[in-house]
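Structure first, commentary second.
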Amino acid sequence: MELIFEIGSKGRHLSLLPQCDVPKVEVPEKFRRTQAPHLPELSENEISRHYTKLAGRTHGVNDGFYPLGSCTMKYNPKVNEEAAALRGFNRIHPLQDPSTVKGALKVMKMAEDALCEITGMDAFTMQPSAGAHGEFTGLLLIKAYHTERGDEARTKIIVPDSAHGTNPASAAMCGYQVVSIPSGPDGCVDLDALRAAVGPDTAGLMLTNPNTVGLFDKNILDITKIVHEAGGLCYYDGANLNAVMGIVRPGDMGFDCIHSNLHKTFSTPHGGGGPGAGPVGCKKFLAKYLPGLCIEETADGKGFEMVKAPQSMGSVKAFNGNFLVVVRALTYILMMGREGIPEASSNAVLNANYMRVKLSDDFKMAYDTTCMHEFVMDLAPLVKETGVNALDVAKGMLDYGIHPPTMYFPLIVHEALMVEPTETEPKEVLDQCIDVLHEIYDMAHTDPDYLHGAPHDTVIGRPDEVEAARHPIVRYVWE
């Protein structure tokens, strides 16, 4: 397929923008380009065809099964899009006087209240753009807390070895030293290792529960207690909230702050560069440090106003984050209701365990026990028997129109395939994927070379991934 730079012709153009209806303001001379940017020149027909072709080469939840572990790629209901497209939401500006956007402020307040109820927190900020951004913000809350207390010797954040890769990265960005603790044989936190790691230099712990191998840590109350007794705070990575929302709350587990991935748990669009949303919630004692402007009801009870937290850390993003993503998430929450939210979690757990059991006859499970929303297959025995590894199996699934599971993660399982079917997939789709994986398993024993070369029926075959990672081509060079 040609790049957009390789089609069109000089002088070709189209008119999509309406006539300017506001006074023109000239850009100061010092900020102007000295020459026009070198851009492709196309007709509307050419642009439409190009992006239609491009869309046909992608794979999303609307195309087929997308069991990407630890990412909750659930279906995005179209009612969310209808709500976000309402004129009173998508035709407003963040610099408008608050009195003119009462509905938008009420939406953000309703979303905050709903998230507080679901997570067991007391306050939320909608500013963060995504999960990792939320982690960064939550850790800044923890840092502000220790700094105000003059407890600046707390320089370490404890992170389990099964954590998402963004956890240690976020801690490092906040200036913390990362202390990794091992998982026990059961895939959960090793309590003895945790006790040995905490001390007067412990600022906090980053953890998700259920954890990255899909297991709910039965010792969660002991874990948060150990950290609190050492003087640290507990941060909940909300990536796996889809497994427990409406059933158990992180705030009740002992966590002090949390981020929630609206683009995972609450069915807003996910991937493709965004926009996402990773609101951060916290207990009352941390609320005074929240970034941006908090939404509060006016004294007369007739509206809402935006108020800066007393000791706000400042802002981590412009205005109040990706507002229309919040509209979508609130739509989902209201449509599901108090009964539907826990039902979604229960069905996600049911689907994952159904697949786990059906695949256990061929594939070794990293932890052969009842899982939550996802499970991890260990393909080390298959590699030993046939030479076919996790990458080969994942690439082979592409030929069946199924997006592969997460590969080689978590790192504590060397030949890992992590599968999360979510609650929005029916049994027929799960059965189809199970049959495909059984077929690939048999093929690994009868024709391993075929899988080594997979995929065979996709637009692009198997790329040189090392070359692509080391020497990516990310810009077009005009001749």
Side-chain angles (χ1 to χ4, degrees), residues 55-78 213-214 242-243 264 267 269-271 343-366 368 370-379 381-382 386 388-409 415-448 450-462:
R57 303 183 96 186
T58 63
H59 184 96
V61 177
N62 57 316
D63 298 297
F65 193 28
Y66 208 131
L68 194 64
S70 202
C71 277
T72 312
M73 301 294 284
K74 65 168 73 176
Y75 176 73
N76 311 137
K78 295 300 173 274
V213 294
N242 198 54
K264 290 186 180 184
S267 79
H270 185 171
E343 183 181 359
S345 293
S346 298
N347 287 341
V349 172
L350 178 63
N351 279 358
N353 279 285
Y354 177 77
M355 288 193 70
R356 179 186 62 82
V357 171
K358 288 288 188 177
L359 290 169
S360 293
D361 54 351
D362 277 346
F363 295 94
K364 177 188 175 184
M365 297 296 145
D368 195 13
T370 301
C371 63
M372 296 297 288
H373 62 305
E374 64 190 6
F375 60 94
V376 178
M377 297 188 290
D378 180 0
L379 270 62
L382 187 66
T386 68
V388 171
N389 59 25
L391 178 65
D392 295 328
V393 172
K395 297 296 186 183
M397 293 174 72
L398 291 171
D399 283 331
Y400 293 87
I402 299 174
H403 193 286
T406 298
M407 301 180 295
Y408 299 113
F409 184 78
E415 285 290 336
L417 280 183
M418 181 164 55
V419 181
E420 181 181 0
T422 80
E423 75 283 1
T424 56
E425 296 297 342
K427 179 176 178 294
E428 293 81 1
V429 171
L430 305 184
D431 286 335
Q432 179 195 10
C433 184
I434 291 165
D435 291 342
V436 165
L437 282 167
H438 282 311
E439 189 172 331
I440 289 175
Y441 180 87
D442 293 338
M443 193 183 302
H445 291 81
T446 59
D447 193 359
Y450 185 85
L451 289 173
H452 292 322
H456 300 277
D457 299 327
T458 53
V459 176
I460 297 174
R462 188 179 301 203

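Under a 3.5 Å cut-off, the side chain of Asp442 and the backbone N or O of Glu439 do not form any donor-acceptor pair. Between the Glu415 side chain and the Ala390 main chain, a donor and an acceptor come within less than 3.5 Å of each other. In terms of modelled atom types and a separation under 3.5 Å, the side chain of Asp362 and the main chain of Tyr441 share no donor-acceptor contact. Under the 3.5 Å distance criterion, the side-chain polar atoms of His373 are left unmatched by any main-chain donor or acceptor of Ser346. Asp457 places no side-chain N or O within donor-acceptor distance of the main-chain N or O of Pro455, the cut-off being under 3.5 Å. Judged by distance alone, the side chain of Thr424 and the main-chain N or O of Tyr75 form a donor-acceptor pair under 3.5 Å.
Between the side chains of Ser70 and Glu420, no donor-acceptor pair of N or O atoms lies under 3.5 Å. Using modelled atom types, one finds no donor on one side chain facing an acceptor on the other under 3.5 Å when comparing His456 with Asp399. A donor-acceptor contact closer than 3.5 angstrom is absent between the side chains of Lys264 and Asn242.
Val393 is listed as a side-chain neighbour of Leu437, based on a closest heavy-atom distance under 4.5 Å. Counting heavy atoms from C-beta outward, Asn389 and Tyr408 have side chains that approach closer than 4.5 Å. Side chains of Pro421 and Tyr354 form no contact here, defined as non-hydrogen atoms less than 4.5 Å apart. Val376 has its side chain out of reach of Val419: every pair of non-hydrogen atoms, C-beta onward, lies at least 4.5 Å apart. Looking at Leu350 and Glu423, their side chains never come closer than 4.5 Å, going by heavy atoms from C-beta outward.
The two residues Met397 and Pro405 have their closest heavy-atom pair at SD-CD, 3.4 Å. Shown here for Asp361 and Lys358, the closest heavy-atom pair between the two residues is OD1-O, 3.2 Å. Heavy-atom minimum distance, Val388 versus Pro448: CG2-CB, 3.7 Å. Of all heavy-atom pairs spanning Leu398 and Pro404, the tightest one is CD2-CD, 3.5 Å. The shortest heavy-atom contact between Asn353 and Met372 is ND2-O, 3.8 Å. Scanning all heavy atoms of the two residues, the minimum distance from Ala243 to Ser345 falls at O-CB, 3.5 Å.
Between Asp368 and Arg356 there is a salt bridge, with a side-chain nitrogen of the basic residue lying less than 4.0 Å from a carboxylate oxygen of the acidic one. Contact check on Arg462 versus Asp392 returns a salt bridge, with a Lys/Arg side-chain nitrogen under 4.0 Å from an Asp/Glu carboxylate oxygen.
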Please walk me through it: do Glu374 and Thr406 pass side-chain contact (heavy atoms from CB on, under 4.5 Å)?
CA-CA 11 Å; Glu374 64 190 6; Thr406 298; over 6 Å; no
Hey, mind stepping through Leu359 and Phe375 against side-chain contact (heavy atoms from CB on, under 4.5 Å) and telling me if it holds?
CA-CA 11 Å; Leu359 290 169; Phe375 60 94; 4.0 Å; yes
List the steps and the verdict of side-chain contact (heavy atoms from CB on, under 4.5 Å) for Met377 and Met365.
CA-CA 4 Å; Met377 297 188 290; Met365 297 296 145; 3.7 Å; yes
Could you go step by step and tell me if Leu451 and Lys395 meet the side-chain contact (heavy atoms from CB on, under 4.5 Å) rule?
CA-CA 8 Å; Leu451 289 173; Lys395 297 296 186 183; over 6 Å; no
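We find the SG-CD1 distance between Cys433 and Ile402 to be 4.0 Å, quoted to the nearest 0.5 Å. A distance of 12.5 Å separates CD of Glu428 from CZ of Phe65, quoted to the nearest 0.5 Å. Interatomic distance, Leu430 CG to Met355 CE, rounded to the nearest 0.5 Å: 6.0 Å. Remark: Met443 CE to Thr386 OG1 distance equals 12.0 Å, nearest 0.5 Å.
Using bins of under 30°, 30° to 60° and over 60° for the plane-to-plane angle, the ring pair His59/His403 lands in the tilted bin.
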